[in-house]
Amino acid sequence: MILMKDIIREGNELLRTCAEEVSFPLAPEIEQLGRELLEYVQNSQDDDLAEKYGLRPGVGIAAPQVGQLHRLFALHLEQDNGEWLSFVAVNPKIVSHSIELAYLSTGEGCLSVDRSVPGYVPRYARITVKFKDLSGNEKRMRLKGFPAIAFQHELDHLNGVLFYDRINSDDPYAEIENGIMIDMGKDQ
Ligand code: NB4
Ligand code: NI
């Protein structure tokens with residue numbers, strides 16, 4: 001299982017390197033990696049397991065964060081309608097997106113960034129994405145709100161981008177033109 005010691009932190013160049021497309025059929029070690037990424041986010045949201053293994057909670061994690069420069073990540077989050085979005089995305093792509101932007105009221109954090117970096121992180125408000133699942137099935141979905149933000153945070157990791165690269169360093173909480181705020185309640 002993935003533990004915090006396996007998660008690389010900012011300063012490691014791998015976090016600033018573009019990851020490679022994955023070829024199908026998946027090599028067993030890549031399939032295993034995908035399963036372990038999803039297992040991490042599921043475990044991290046289980047209070048007992050998180051406590052037992054000292055896991056920092058997450059709704060997503062990308063392969064480069066465990067030093068693997070392959071284009072896949074896992075998401076595990078509850079949507080506003082109570083439905084769970086829980087999958088491993090291989091070779092994910094944004095097919096189309098809104099002009100409108102969106103950002104979390106609380107800003108963002110990252111398992112690979114051991115410090116708080118305050119500020120709004122503007123992202124596309126609505127996206128249509130496509131990716132393959134671990135069995136090679138093509139998936140297409142439309143995302144908005146928090147799921148859209150989380151998907152884009154993970155996709156950034158595959159391109160060596162960290163959330164604070166998108167914060168307006170002169171005025172971190174400057175109003176985001178044509179942007180909607182996603183209320184996350186208390187700080188994450
Ligand atoms: C990725 C997220 C940062 C912003 C918003 C949030 C948490 C992460 C980073 C968008 C994607 C990890 C991956 C949380 C969290 C809400 C749901 C359910 C019960 C606790 C859990 C806490 F843990 N970010 N952490 N950061 N990243 N919400 N939640 N809660 O997930 O670096 O690249 O368990
Ligand atoms: Ni991250």
Side-chain angles (χ1 to χ4, degrees), residues 1-12 14-17 19 30-80 82-90 92 94 102-121 123-124 127 129 131 133-134 139 141 143-167 182-188:
M1 69 181 282
I2 293 172
L3 298 171
M4 293 311 293
K5 68 174 175 53
D6 305 311
I7 296 177
I8 65 174
R9 313 304 159 87
E10 61 177 331
N12 184 318
L14 290 176
L15 286 173
R16 293 306 198 172
T17 309
I30 300 285
E31 179 147 1
Q32 179 58 20
L33 171 61
R35 296 196 190 298
E36 289 191 351
L37 293 173
L38 187 57
E39 179 197 45
Y40 176 85
V41 276
Q42 292 167 335
N43 290 349
S44 79
Q45 293 183 32
D46 175 298
D47 294 344
D48 302 337
L49 290 174
E51 171 80 29
K52 181 175 177 190
Y53 295 105
L55 308 178
R56 196 177 143 194
V59 296
I61 189 169
Q65 292 183 274
V66 290
Q68 301 291 318
L69 291 180
H70 302 294
R71 300 187 76 82
L72 70 158
F73 63 71
L75 276 185
H76 183 71
L77 56 90
E78 188 173 9
Q79 302 182 93
D80 301 350
E83 268 173 44
W84 279 84
L85 205 59
S86 187
F87 58 75
V88 177
V90 181
I94 291 179
Y103 54 96
L104 301 184
S105 57
T106 53
E108 296 183 13
C110 183
L111 296 169
S112 296
V113 179
D114 292 339
R115 60 193 173 104
S116 157
V117 184
Y120 295 146
V121 183
R123 300 184 184 278
Y124 301 128
I127 55 177
V129 301
F131 57 87
D133 65 16
L134 289 176
K139 302 284 185 185
M141 56 181 72
L143 299 172
K144 60 182 175 28
F146 177 48
I149 298 286
F151 192 99
Q152 292 171 79
H153 177 111
E154 305 315 329
L155 187 59
D156 270 352
H157 276 300
L158 305 187
N159 300 323
V161 176
L162 295 176
F163 72 93
Y164 52 71
D165 300 345
R166 298 180 179 280
I167 294 174
I182 297 168
D183 184 3
M184 293 296 285
K186 66 173 185 27
D187 239 340
Q188 292 307 332

Return the minimal non-hydrogen interatomic distance between [X] and [Y], and the atom names on each side.
| X | Y | result |
| --- | --- | --- |
| Leu77 | Ala150 | CD2-CB, 3.7 Å |
| Ala74 | Val41 | CB-CG2, 4.3 Å |
| Ala62 | His157 | CB-CB, 3.6 Å |
| Pro147 | Leu85 | CB-CD2, 3.7 Å |
| Ser86 | Gln42 | OG-NE2, 3.6 Å |

* Polar side chain donor-acceptor pair, Gln65 to Tyr40, under 3.5 angstrom -> no
If we only count heavy atoms from C-beta on, is the [X] to [Y] side-chain gap below 4.5 Å?
| X | Y | value |
| --- | --- | --- |
| Leu14 | Pro64 | no |
| Ile61 | Ile7 | yes |
| Val88 | Leu72 | yes |
| Lys144 | Ile127 | no |

[atom2] on [Y] to [atom1] on [X], rounded to 0.5 Å:
| X | Y | atom1 | atom2 | answer |
| --- | --- | --- | --- | --- |
| Gln68 | Leu37 | CD | CG | 9.0 Å |
| Thr106 | Ile182 | OG1 | CD1 | 9.5 Å |
| Leu75 | Glu154 | CG | CD | 5.5 Å |
| Ile30 | Arg71 | CD1 | CZ | 13.0 Å |
| Phe131 | Phe73 | CZ | CZ | 7.5 Å |
| Phe146 | Glu78 | CZ | CD | 10.5 Å |

* Using the side chain to side chain contact (heavy atoms under 4.5 Å, CB included) rule, take Asp46 and Lys52 through it: C-alpha gap first, then chi angles, then the decisive distance, then the call. => CA-CA 10 Å; Asp46 175 298; Lys52 181 175 177 190; over 6 Å; no
* Asked: When you look at Glu39 and Ile2, which way does the side chain to side chain contact (heavy atoms under 4.5 Å, CB included) test go after all the steps?
  -> CA-CA 8 Å; Glu39 179 197 45; Ile2 293 172; 5.9 Å; no
Tell me whether [X] contacts the main-chain N or O of [Y] through its side chain, where contact means a donor paired with an acceptor under 3.5 Å.
| X | Y | answer |
| --- | --- | --- |
| Ser112 | Glu10 | no |
| Asp6 | Leu3 | yes |
| Gln152 | Tyr124 | yes |
| Ser44 | Leu55 | no |

* Asked: Under the salt bridge (charged side-chain N to carboxylate O under 4.0 Å, His left out) criterion, do Arg16 and Asp165 qualify, and how do the steps go?
  -> CA-CA 11 Å; Arg16 293 306 198 172; Asp165 300 345; 2.6 Å; yes
* Structure fact -> Sorted by chain and residue number, the side chain to side chain contact (heavy atoms under 4.5 Å, CB included) partners of Phe163 (sequence neighbours excluded) come out as Glu108, Cys110, Val113, Val117, Val121, Arg123, His153, Ile167
* Please assess Met141 against Phe151 for the test side chain to side chain contact (heavy atoms under 4.5 Å, CB included), listing each intermediate value before the final yes or no. => CA-CA 11 Å; Met141 56 181 72; Phe151 192 99; 5.9 Å; no
* **Phe87 atom CZ, over 12 foreign heavy atoms within 6.0 Å** => yes
* To do: Would you check, one step at a time, whether the test side chain to side chain contact (heavy atoms under 4.5 Å, CB included) holds for Leu134 with Gln32?
  => CA-CA 9 Å; Leu134 289 176; Gln32 179 58 20; over 6 Å; no
* Can Arg115 be said to sit on top of Tyr164's aromatic six-ring, NZ or CZ under 6.0 Å from centre and within 45° of the ring axis? -> yes
